[in-house]
Structures are given as C-alpha cells and as structure tokens.
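Below: the structure, in structure tokens.
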Amino acid sequence: MAEEVKSPARYTITAALPYTNGPIHIGHLAGVYVPADIYSRYLRLIGKDVAFICGSDEHGVAISMKAKKEGVTPKDVIDKYHAIIKKSFVDFGITFDNYSRTSAEVHHKTASEFFVKLYEQGDFIEETTAQLYDEEAQQFLADRFVVGTCPRCGHEEAYGDQCENCGSTLNATDLINPKSTISGAVPSLKETKHWFLPLDKYEGFLKKWILEGHKKDWKPNVYGQCKSWIDDGLKPRAVTRDLDWGIPVPVKGGEGKVLYVWFDAPIGYISSTKEWAEREGKDWEPYWKDKDTKLLHFIGKDNIVFHCIIFPSILKAHGNYILPENVPANEFLNLEGNKLSTSKNWAVWLHEYLEEFPNMQDVLRYTLTANAPETKDNDFTWKDFQARNNNELVAIFGNFINRVVVLTNKYFNGVVPNPSNFSKVDKETLAELKKYPEIISSSIERYRFREASQELMNLARLGNKYLADEEPWKVIKEDAERVQTIMFVALQIATGLAVLSEPFLPFTSKKLKRILNVSPSASCLPAGRVEGSIEWNDVSNKETLLPANHLIGKAELLYRKIEDKEIQAQLDKLEATKKANEKENKALMPQKDTITFDDFSKLDMRVGTIVAAEKMAKTKKLLVLKVDTGLDTRTIVSGIAESFAPEEIVGKRVTVLVNLAPRALRGVDSEGMILLTENSDGKLVFVNPDEDGVGNGLTIN
RNA sequence: GGCGAGGUAGCUCAGCUGGUUAGAGCGUCGGAUUCAUAACCCGGAGGCCGAGGGUUCAAGUCCCUCUCUCGCUACCA
C-alpha cells in the first residue's frame, strides 16, 4: 500500500502554512520553503506537472491572544503578517503556484465540508468536560487565557498551559487564584462538549502504512518520531475548541465553537489547490485524489505528528483522498548557537535581510541549502554565511563565469567561437558536464538538497579546473585556433551552470542567462516552455548547449564579496537584541500589591548552607537538599536540577524561607524554600549573602 | 523516567544491506599560476569514527551497557 508512484502523472507539493503571528525568518526558509522550492523548480525544469501549494495559517488562540494584547482585531493581525509573509516569499523567489490563506472563504467552505462529512460518517466521538469559563465575557477560556499562581513555584503570572518562570507544564484548572485575562474575572467551571477524532482507531492503518510501508524511504527522524507516537498508543484528539476566532463548528451543538486550528490548517492545502485550479481553469481533484499523483509535504520537525499521523488519519477517514508519499521534514536551524525565537526577536527576518543585503537572495538561499538541518539541528552563523559566499559563490561559481565571459569577450568579441579538434580532455570534460543533471537529480529526488547544492558547485569546479589546465591565456599567443575550442568547451559548462543552478539560485540563473544571452527556462515563467530555452535534461542530451557564432553579453559579476565589517554589524545587531531581551525580561513583572510590615514580618528568612544534595530519582528537575538553617538541618526539595549539579552546590550559602508550610513533593517532605532568581540565559542563581562570616540561622530583614 | 534522533578530521557534513591504507567541502600549511572579485589549480598535514564491552575471519557500520546534545512524552506540582 505504500508503493512509490512509479512515474507520477502529477505532483502536489505542499509547504507548511506559516502561522501569521509574526514575519518569517531564516529558520522557516531553511527548513521548509527553500527545499520545497528547489524541488518544485526542479520538477518543472524536467517538464513535470506540479502544483506547489501554500498559504497563511490564520486561526487559533495565539492570534486572538496577540490581537487582544495589541488592542486590535484578529483580522488586523493576520492581514498584517499575511502581507509581510507573502511578500517575503515573492522576494526570495519561492515559486508557489498558489499562496492562499485560511481565512479565505474557499477554505472555510472546504474545512466545514470536511468536518461535516466526517461527522455524518460517525467518525467523531463527542465528549463533555468541565472547562474554565468567564461569566463576564461569556466564553470559555483557552489555557493561555488564564493566569494565576503556579502551584509549583509560586510564580503569580503563570499561564494556564505553562509557567514561564519554572517551565512546568500546567493545566489551567490547576492554577491557584486563576484569573481570566479577558475580563479579569475569576473563572468558573462549566461543562462543554467537544468532538474528538479517535486516533486509536487508525492505529492499524498507520502501523501498516508508515511502520511497514515507509520504513526505508522516509527520513529516520520522521519515521522515528512517528514510531514513537504510534508505539506510545494514540488517543482521541479534540478537533474543536471553545473560541470565537476560527471556522465555526458546522453541526448541531457547535455554537460558539470553532474547528481546532490543527484540524483546519492542513485542509488549507486542499483549499489553496482549489483556488489555484479555479484561477488556472484546471480540475483540482486529481491533485488530491488520483492514485498517480505524488503528494509531498515539506515541513519542519515540529509538524511531523500532524502531517504524518493526524492529517493522514483525517484524509483516510474521509476516504477519497490520497496520502502523502513522503514527508521530508527538516530539523531546526539555530542562530549563532541559540534557538530561533519570534518572541525573543532572536532571528534573521527575511524582510530585514533584504534591506541589509539587497539583491542577495541567492546568497541566503545557498547558505541555507548548503547548511540545511537535514538530519539534525544545525547552526546558522554569520561567519559561515560569509564563508559560503566568499569562498564558494564568489570564488568558485562567480569567478568561473567571470573568467569565461571576460575571455570570450577579449579574444572573440563575445562571439562563441567555432571549435575544431576536441582533445581527449575536451571530450572528457564535456562528458563530465553531461553527467551533472543526473547527479544533481539523484540528490534532489532523495531530498538531499545540501548534497545537491555541493554537486552544483562541483560543476563550477570542473570549469575552473578545465581553464587552469588548458591555460587559454598562454595558448592564445601561439595557437589561436586551439583557444577557440577551449573557450567553446568552457562556454558549454557556463551554460550548463546557468540551467542547473536554477532551482537553487534562481536569481543568479536568470542573470547568467541574460549574460549568456539565452532564454529563461520554463520554470521561471508560468507559460511553460519557451522557444529556444534550455531545460534540465538538455544539458545531457543536447550535443551543443551554446552554439558557435552565438553572441553573449558583457561580463557582470554574479556575486560580490562580503566584508568582515558587514558580518560584524550583524553580530552587533544580535548582541543588541540579546541586551534588549535582558532589559525586557527585567521589566516584565509589574510591582505587586502593597503589603504591610506585618505581612513582611510573617516571612522568616534565614541564612543557610547546603550540606547535602542529591537528585531525586525519576525526575528531571528535583533535587533533595539538606540545608543547615542554624536552627536545624532540614530537607528541602527544590526544582533546580536543570541548573545545578548536586555536587557543585554542596557548601553553598543560600537564603531560606524557613516557615513555609511543609509540602510533600514526590513523597518527600519539603520544609522550606530556597530563594533563587535567574540570569539572562534562564539559569537559576542563588540569592545569598556575598560576604563570608555570616552565620547560619541569622534572620534576613 | 519512557521513546525518538544525533554524537565521524579545527568547522559543516557523507559513509547503502559489516570487507582492502575512514571520505568531501571549508579552514590550515606548502607548491604552481596570473585570464579572473589576491580569486582559481595541484599537493601535504590533520581522525583510538562519544566511552566500554560483545558477536564475527572482518565493525564507523550489528548487539548490550554507559555518557553528552536536541526533541517528544510522562512524573512532579
């Protein structure tokens, strides 16, 4: 059931729908859009029927949260980022056949129909549970809409789903003193009904389809993640939410509820395909329902479960749809050693990049491809970016082109010379050139884009070596006719590069074709094959790519060097971001309500010393400490194991709140609390006396 | 704690179903060259393939244990 579609009649290629709560950055580009675009462009170059589909993902709590925070409507938020994101894609040459959005009418209709169909088939189960409800605002509260005191660390601004202070995962119903962020009211519990997709029912299908069928052709990270989920046992998953932003649940009892964003988003691929087909006068259905269609999802690793488990189950439940043949998910890209973060502004934003490096899209595309996180998380560094540009694009690719064009102009006034006797080396070099389409194809078709980009560079190396060995600048002095042949061969390689670079370096390819005075390839243009254009396989099949007597243009540099100071400027910018983040963090918590001296004097804080520490078994964060408080030596359990090793804190002076009511944590009574704060990296720091000679048990006031 | 992925030259990565002296690019060192954006081209050095056991005639490649990184998940609250 998982056989590869041998020679697909058409391809449906989807790229993860970007979420419109921010612009997009290099991580998105490297993980999803560049590989998907390379793949799609390549397929078009070999004459395939391709629908390359994407769009903005615009529903969900995070967007309504953001809107609330900024005092605007959700529509304002999505319109803003949809525009920015869409423009970034155009600017970077991502050739979607259609870029839609999930707020579009066609999508609301498609997703609703999908839901109704499954509903009518009885594929859902219904369940009523008690959820927090805001009487004043008359709505249920998503976890993120509730704040309260973290039951774990006492942080008073914990969100319902997670405490940002101690990092623990929470349920909104666990919060102490919960408050609605919408009205400030104290929420009550109220019953609510939801629809669930019983994923457990699809376990057999998923096992057979993925675990048996795709063991070999899916990437290990993708396969492993799926296996992990399936082996863990699948549970029913809610497909509706109590929210007012999204697609209304289109069945009885669905009032005031919307489809869960993860139910509707992947269906957005289908909606977007419909929109495209409508516009192009095509039939969308074969792209999603015909067995001869090869469906591929390009995503990042955070989406694996949705694209490999949940969405296929939905498609399977529906019944008429084909399943993805592969989901070549990438891992994550880090930036200068730290995780990319939209909220912390730790990113290289695409729109900002183009302001600072105008017309250098291909440099970023290339760097991100050559360094793509295909098998594991990878780090983007500006130094690496500079090196890829200066040592590869400039020195190898750009330099070769420049040499060929300059020499052709110098010796033959820009006219491709007539070759005469091909030497053994000439023939071998031309034969090498003809191998490249196959070499690069093979890498692309196995989703090994970084390897493919390096093979492309090897073709430029072939050209450089050929010139270095044949030395036309020497030969010209005694045998001009021989130089004609040499330059002819070199020009064929240059032309090959112009064609084969197109999926990776589309802007370069276009410019190079202009310099060589050849037509753009079909995939650059919607109209299909252009008269006189040279396509992928022509590089192998055609005897001559650039004929004698053809006139080429003047030399232009394809790339410029990137100076150290430009790189330094980017590093400084990131450093500034880091500083700004630190400030922001400090400013985060507003001052709490005023207390009286009596309130304060209730706290009994003492100087103490940690005399023993050991990790509590089977937990990740807890350390069991023995602390000498001066009064006694007592046990305190503290969630600091991720910041400190037990042995390094023995002997540490600390501040202890000694009269906190004892509490059992994991069966061990904890008699007090150690005072801690955290540094800018989120690592915990003890609050303690910074001079020696302060005895244990002394009070703090 | 469970599960998954990764740990191979200074850096970024290849090494398929186990088989001769472990590969590539960058960096580094040396050479050659000047058409070219001081670029290209040639060559050298550099690896107890995370650690330890085991299977085998033979292990980076298979099995077990441990360890570090990342992710998911659980527990704790």
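Proteins get letters first, then strands, A, B, ... in listed order; numbering begins at 1 in each.
- With a cut-off of 3.5 Å on both Watson-Crick or G-U wobble distances, the partner of B/U34 is given as none.
- Within 4.0 Å of A/Lys301, counting heavy atoms only, lie sugar-phosphate atoms of the nucleic acid but no base atom.
- Nearest to the side chain of A/Gln225, among B/C72, B/C70, B/U37, sits B/C72.
- Look at the P atom in both B/G15 and B/A58: the space between them is 26 Å, to the nearest Å.
- In the set B/C35, B/U12, B/C40, B/C40 carries the atom at the smallest distance from any side-chain atom of A/Ala395.
- Mapping A/Gln454 and A/Tyr411 onto RNA chain B via the closest heavy atom, the residue that lands nearer the 5' end is A/Gln454.
- Among the protein residues, A/Asn391 comes within range of the sugar-phosphate backbone only, with heavy atoms under 4.0 Å from sugar or phosphate atoms but none that close to a base.
- Between A/Asn390 and B/A39 there is no side-chain polar atom (N or O) within less than 4.0 angstrom of OP1 or OP2.
- In this structure, A/Ile562 reaches neither bases nor backbone, as no heavy-atom distance under 4.0 Å exists between it and the strands shown.
- Comparing the same atom, P, in B/A74 and in B/C3 gives a spacing of 15 Å after rounding to whole Å.
- With a cut-off of 3.5 Å on both Watson-Crick or G-U wobble distances, the partner of B/U17 is given as none.
- Residue-level contact check: A/Glu392 touches the backbone only, with heavy atoms under 4.0 Å from sugar-phosphate atoms and none from bases.
- Residue A/Lys376 has its side chain nearest to B/G7 when only B/A36, B/G7, B/G4 are considered.
- In the set B/G6, B/C41, B/U33, B/C41 carries the atom at the smallest distance from any side-chain atom of A/Ala468.
- Among B/C40, B/U34, B/C41, the nucleotide with an atom closest to any side-chain atom of A/Lys474 is B/U34.
- Checked by atom type, the side-chain pair A/Asp426/A/Ser423 shows a donor-acceptor distance below 3.5 Å.
- The ring of A/Tyr366 has its center no closer than 6.0 angstrom to the ring center of A/Tyr559.
- Per the geometry, CE belonging to A/Met457 stands 12 Å off P belonging to B/C40, to the nearest Å.
- A/Pro220 comes within contact range of the sugar-phosphate backbone alone, with a heavy-atom separation under 4.0 Å but no base atom that close.
- Between A/Asp362 and the choices A/Thr508, A/Asn389, A/Leu558, the side-chain contact (heavy atoms from CB on, under 4.5 Å) rule is met once, by A/Thr508.
- Following rounding to the nearest Å, A/Asp379 (CG) and B/U69 (C1') show an atom-to-atom distance of 13 Å.
- Set against B/C13, B/C42, B/C35, the side chain of A/Trp473 has B/C35 as its closest nucleotide.
- Residue A/Glu556 places its CD atom among more than 12 non-hydrogen atoms of other residues, nucleotides or ligands, all under 6.0 Å distant.
- A donor atom on one side chain and an acceptor atom on the other are not found under 3.5 Å apart for A/Lys376 and A/Asn221.
- Between B/G7 and A/Thr375, no contact under 4.0 Å exists linking OP1 or OP2 to a side-chain N or O.
- When both pairing distances are held under 3.5 Å, B/G27 makes no Watson-Crick or G-U pair with any nucleotide shown.
- Note on A/Lys465: only backbone sugar-phosphate atoms sit closer than 4.0 angstrom, heavy atoms only; bases stay farther off.
- Using cut-offs of 30° and 60° on the angle between ring planes, the pair A/Phe298 and A/Tyr39 is tilted.
- The side chain of A/Arg448 sits closest to B/A14 out of B/A14, B/C35, B/U37.
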ask   = Taking it one step at a time, do A/Phe504 and A/Phe449 satisfy ring pair (Phe, Tyr, Trp, His ring centres under 6.0 Å)?
value = CA-CA 9 Å; A/Phe504 309 92; A/Phe449 299 103; 7.8 Å; no
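- Across all strands, A/Phe332 comes closer than 4.0 Å to no nucleic acid atom at all (heavy-atom distances).
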request  = Applying side chain to side chain contact (heavy atoms under 4.5 Å, CB included), run through A/Glu455 and A/Asn458 and close with a yes or a no.
outcome  = CA-CA 5 Å; A/Glu455 289 297 348; A/Asn458 283 339; 3.4 Å; yes
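- Looking at the side chain of A/Glu451, the nearest of the listed nucleotides B/C70, B/C41, B/A14 is B/A14.
- The side chain of A/Asn402 has B/U37 as its nearest neighbour among B/C41, B/U37, B/C70.
- Using a 4.0 Å heavy-atom distance criterion, A/Asp231 is classed as making no nucleic acid contact.
- Nearest nucleotide to the side chain of A/Arg403, out of B/C41, B/A39, B/C40: B/C40.
- Applying the Watson-Crick and G-U wobble criteria (two distances, each under 3.5 Å), B/A22 pairs with nothing in any strand.
- Between B/A39 and A/Lys561, a contact under 4.0 Å exists linking OP1 or OP2 to a side-chain N or O.
- A residue-by-residue look at A/Tyr223 and A/Pro373 shows that A/Tyr223 has its nearest nucleotide of RNA chain B further toward the 5' end.
- Nucleotide B/A14 holds its P atom 19 Å from the CD1 atom of A/Ile439, rounded to whole Å.
- With rounding to whole Å, A/Glu471 atom CD is found 13 Å from B/C42 atom P.
- Taking a pair to require two hydrogen-bonding distances under 3.5 Å in either a Watson-Crick or a G-U wobble arrangement, B/C3 pairs with B/G71.
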